[in-house]
Protein chains: 2
Amino acid sequence: MTNAAALSDSSNFALRQLRILLDEGRFAADQRLPPERHLAAQIGIGRRALRRALEVLEAEGRIWRHQGKGTFLGPRPVHTETGLEELSNRTNPLEVMDVRLEIEPILARLASLRASNGDVERLLHLAEKTASSSDADGYELWDSALHRAIAEAAGNSLLLAIFDMIDRIRQDTNWQVLRERARSKDRLSAYVEQHRRVIAAISQREAHAAERAMREHLEAVRESLLRVMTSPVADEDGRAHETINDTKSELRHGT
Amino acid sequence: MTNAAALSDSSNFALRQLRILLDEGRFAADQRLPPERHLAAQIGIGRRALRRALEVLEAEGRIWRHQGKGTFLGPRPVHTETGLEELSNRTNPLEVMDVRLEIEPILARLASLRASNGDVERLLHLAEKTASSSDADGYELWDSALHRAIAEAAGNSLLLAIFDMIDRIRQDTNWQVLRERARSKDRLSAYVEQHRRVIAAISQREAHAAERAMREHLEAVRESLLRVMTSPVADEDGRAHETINDTKSELRHGT
DNA sequence: GGCTCGAACCAATTTGCAAATGGTTTCATG
DNA sequence: CATGAAACCATTTGCAAATTGGTTCGAGCC
């Protein structure tokens with residue numbers, strides 16, 4: 001079971017000593033063990049041997065360590081915080097798109113039920129802006145504002161916070177490259193028309209239609225994202241290569 | 001419009017001077033103004049007079065201040081971070097329940113599509129635990145673990161993070177009182193049966209059924225929450241009063 | 001040669017402290 | 001009694017030192 005057989009004698013001795021220490025419960029659960037330097041001196045072995053023993057224990061899940069913090073008993077605590085960077089590393093563009101496809105139709109439906117007339121007016125205004133923005137950068141800005149306005153109109157602050165979380169991940173990371181390539185002139189005009197349908201359904205209080213229109217819009221976005229990620233593209237030298245590899249190397253993948 | 005008329009002469013002078021400073025654009029937008037002590041000396045008035053002038057400007061929304069940080073131009077930046085406390089203050093139990101009703105059926109559906117056999121085994125094990133836990137506290141623990149396991153089985157780390165966010169808000173705040181009152185013996189047994197149906201649908205890969213079963217379960221939970229919040233309850237003195245008022249006073253409502 | 005150990009260095013984190021800054025109170029003064 | 005200066009409080013920021021796991025290097029020892 002353990003790879004202790006591959007360890008040296010002193011490491012093995014350290015491992016036995018450590019197991020005794022842990023088993024006898026001298027250290028309460030979730031408590032920090034003494035620093036490696038102390039522990040090594042206490043057991044009477046070198047730090048290197050100790051560390052190899054600790055590696056085994058960590059692999060077994062009995063302890064966990066973190067640089068600068070220390071060595072702790074028990075399983076590594078789940079990283080349940082809403083650290084934006086951490087999340088950006090763990091997720092990927094397709095996951096984000098999947099979540100948008102689940103959440104935003106809900107928001108559109110709720111918006112159709114709860115939007116005030118002022119909200120609707122604002123949506124119409126934003127839709128105009130997206131339609132009239134010539135450059136892609138401008139479109140991106142107004143599009144983002146429009147989607148958020150729909151989320152606001154849904155009238156649930158927690159859902160709005162969730163939307164913001166997704167939106168920040170979408171914008172924060174280095175997937176910008178993808179988005180840049182994903183928006184071409186003809187697609188943008190299609191998006192504008194889809195926006196119109198969503199807003200029309202909201203203003204006419206047609207919950208089902210709003211939900212469906214938003215889903216169709218996001219499916220179109222998703223499809224164009226997929227196409228961009230999988231289709232080959234030619235760089236300046238004219239050599240074609242899979243862009244998926246490019247973007248993958250740009251993403252910092254967590255463990 | 002302004003309440004400058006109620007200010008003293010020196011404060012009024014300070015206000016005029018400050019308006020000039022702000023209007024002439026010597027300080028860029030979002031920039032920090034000099035500390036009050038410096039500014040007061042610069043204008044040649046006392047700090048108290050300056051502060052009263054700043055209060056006016058802050059009420060007008062032209063500046064915002066924060067202890068330890070400084071005084072800044074422009075409107076107070078929106079607190080768009082995922083601060084758990086902030087969110088807990090802005091939302092309320094019914095909103096959270098609404099969101100759970102939207103999100104968790106999705107998670108159940110995805111789980112039915114993507115859960116591994118190991119995941120299903122784990123769900124069954126957790127369902128047993130919830131069923132066999134006698135006291136309400138124990139049930140709460142296993143129930144929470146079960147719902148999270150379903151979210152994990154859905155296989156989307158971003159959705160999982162969203163679930164965790166909701167779950168932390170649900171647990172973090174002082175709504176515990178509500179939950180304690182919301183679980184009675186008979187209801188728990190109903191919940192156990194509903195759990196069984198959800199897990200059965202997941203294990204049989206019936207996406208639609210899983211989604212519906214989860215929605216029905218959460219609707220039951222929501223109903224019991226509503227009942228607890230609206231029904232009168234008798235305290236030790238035997239006096240009945242609306243519990244909604246109790247809980248409302250416990251919640252810290254944001255602006 | 002291979003292994004161990006100690007030392008040194010690197011990197012991440014925590015801690016402690018001082019300074020800065022808005023918020024508040026106190027007090028002498030005219 | 002309002003003013004203004006000073007003092008004090010509370011929060012935030014910045015920085016340096018200490019702590020601690022992670023890594024490298026070289027001497028010494030089978």
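Letters go in sequence order (proteins before strands), and every chain restarts at 1. Hydrogens, waters and symmetry mates play no part in the numbers below; they use all other heavy atoms, side chains included.
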* **Between C:dG23 (C1') and B:I63 (CD1): distance, integer Å** =>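 In whole Å, C:dG23 C1' and B:I63 CD1 are 14 Å from each other.
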* Integer-rounded Å distance: C:dA12 P and A:F72 CZ ->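 Whole-Å distance recorded here is 17 Å.
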* Structure fact -> Going 5' to 3' through nucleotides 19-26 of chain D and flagging B where a protein heavy-atom sits under 4.0 Å of the base, S where only the sugar-phosphate is that close, and - otherwise, we get -BBBB---
* To do: Output all residues satisfying salt bridge (Lys or Arg N to Asp or Glu O under 4.0 Å) with B:R62, sequence neighbours left out; order by chain, then residue number.
  =>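 B:D23.
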Distance-only criterion, 3.5 Å: show the donor-acceptor pairs between side-chain atoms of residues 118-127 of chain B and protein atoms not counting sequence neighbours.
| unit_1 | atom_1 | unit_2 | atom_2 | d |
| --- | --- | --- | --- | --- |
| B:D119 | OD2 | B:S116 | N | 3.1 |
| B:D119 | OD2 | B:S116 | OG | 3.2 |

* Which ring-ring contact (aromatic ring centres under 6.0 Å, His included) pairs, counting each pair once, include a residue from residues 40-69 of chain A, with sequence neighbours left out? ->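 Applying ring-ring contact (aromatic ring centres under 6.0 Å, His included) to every pair that reaches into residues 40-69 of chain A, excluding sequence neighbours, yields A:W64-A:F72.
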* Asked: Got a sec, which residues hit side-chain hydrogen bond (donor to acceptor under 3.5 Å, both in side chains) with B:E95, two or more places apart in sequence or on another chain?
  ->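 Applying side-chain hydrogen bond (donor to acceptor under 3.5 Å, both in side chains) to B:E95 gives A:S157, B:T91.
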* **Under the side-chain contact (heavy atoms from CB on, under 4.5 Å) test, residues paired with B:L101 that sit two or more places apart** =>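 Once residues adjacent in sequence are excluded, the partners of B:L101 under the side-chain contact (heavy atoms from CB on, under 4.5 Å) criterion are B:R215, B:L218, B:E219, B:R222.
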